[in-house]
Amino acid sequence: MKTSHLLIALTLFFPTVQAGTIEMTVNGLVCGFCAQGIEKTLRKNPATADVLVSLENRLVAVMTKDGADITDADLRKALTDAGYDVKAIERTGRSMNELRARLKAGT
Amino acid sequence: MKIFFGRLAVPLALSMSAACGSAVAKPIAFADGTTVMAEYGAGTMTEFQAFYAPTFRYSLGGGHLSLNSAENDDTRDITYLRLNYLPKRWNFESAQANVFVWGGLGRAHIGETGADEFTWNAGGQLDYETRRVYASLRMDYYDASAFSHRIDTLQLGIAPYEHDYETLAVWFVVQAREYTGDLFDGTEWAGLIRLFKHNAWLEAGATREGKLQAMLMFNF
């Protein structure tokens with residue numbers, strides 16, 4: 001009991017940022033060169049662990065490294081500076097592998 | 001002025017009647033990107049270009065253009081430095097449209113006289129593309145004291161399927177090109193197939209006269 005209370009207290013007082021996936025809906029994604037440029041831009045960010053681009057789903061997903069994060073403002077700036085328009089940003093618990101599987105299955 | 005609009009009338013009408021957009025080669029691929037390109041244009045033009053884009057708005061670089069008249073023995077070898085600029089981009093839900101302009105300076109070797117001259121060039125491109133259709137209209141102008149040439153190129157393309165980042169993009173393209181300055185009489189029509197995946201682009205086909213039209217491009 002004491003251990004669980006200690007864990008809760010530690011979580012409350014020392015919150016850690018876990019690796020997460022950020023999914024963005026982007027306008028203007030029509031060719032592989034678009035995807036290449038976006039991937040190159042996002043991979044420059046030291047917090048980026050993986051990038052996934054789907055033209056079909058107008059989706060750009062970024063998985064951040066453990067303990068790291070990229071703010072919405074930084075993501076919007078990166079995509080705008082790459083020449084594209086971000087329409088929505090959502091932080092999900094999906095892993096990149098899960099996301100790839102869902103895109104492949106078309107769900 | 002009359003000649004300018006007269007020459008543009010056919011490709012503009014075709015663009016409008018097609019009412020579709022373009023996925024044509026762009027002089028600026030993406031921010032912090034380098035583009036190298038080689039084109040063989042049915043024996044009339046051969047061009048090599050290399051550009052670096054610090055941002056998606058502009059790129060800097062140079063190229064070499066060889067023009068060989070199909071009508072006489074005139075040849076021009078033009079080496080130039082160029083600035084490309086993207087003044088306007090529209091990002092739609094499933095489409096993109098762009099307006100590019102460019103200008104540059106260089107040296108031209110005039111084959112029939114052996115003279116070397118200062119030359120300048122300017123041009124522009126309108127394009128619109130989805131993952132199934134595209135259209136582009138491009139104009140290049142080269143000027144020196146011994147010559148002036150305009151090259152207008154219209155491309156209309158259709159893809160048999162919608163490609164994604166990890167799949168091969170296939171396009172069937174019809175190209176119409178006109179030259180001024182006694183380089184080619186009339187409109188040069190070509191049918192092309194274009195393939196690209198990741199950073200590599202290959203386009204090849206033939207003109208109505210059976211001559212090779214091809215382009216190779218890499219972005220990195």
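Chain A is the first sequence line, chain B the second, and so forth, proteins listed ahead of strands; every chain is numbered from 1.
Residues B/Q96 and A/C31 fail the side-chain proximity criterion, which asks for heavy atoms closer than 4.5 Å. Looking at A/F33 and B/W201, their side chains come closer than 4.5 Å, going by heavy atoms from C-beta outward.
Considering every non-hydrogen atom in both A/V30 and B/T130, the closest pair reads CG1-CA, 4.2 Å.
Distance CZ/B/F56 to OG1/A/T80: 8.0 Å, rounded to 0.5 Å. Note that the SG atom of A/C34 and the NZ atom of B/K26 stand 6.5 Å from one another [nearest 0.5 Å].
For a residue to count as touching a neighbouring chain, one of its non-hydrogen atoms must lie under 4.5 Å from one of that chain's; by this rule A/D81 touches chain B with the backbone only. Interface residue B/H198: only backbone heavy atoms are found under 4.5 Å from chain A.
The stretch residues 75-95 of chain B places B/R89, B/N91, B/F92, B/E93, B/S94, B/A95 near chain A, each with some heavy atom under 4.5 Å from a heavy atom of that chain. Taking 4.5 Å as the heavy-atom cut-off, the residues of residues 29-47 of chain B that approach chain A are B/F30, B/A31, B/D32, B/G33, ordered by number. Residues of residues 205-215 of chain B having a heavy atom under 4.5 Å from any heavy atom of chain A: none.
Using modelled atom types and a 3.5 Å distance limit, the side chains of B/Y165 and A/Q36 yield no donor-acceptor pair.
The main-chain N or O of A/E56 is never found under 3.5 Å from a side-chain atom of B/E162 such that the two would form a donor-acceptor pair.
Among residues two or more places apart in sequence or in another chain, the salt bridge (charged side-chain N to carboxylate O under 4.0 Å, His left out) test is passed with A/K87 by none.
Interface remark: of the candidates B/D164, B/N219, B/T55, B/N199, B/D164 forms the most heavy-atom pairs closer than 4.5 Å to chain A.
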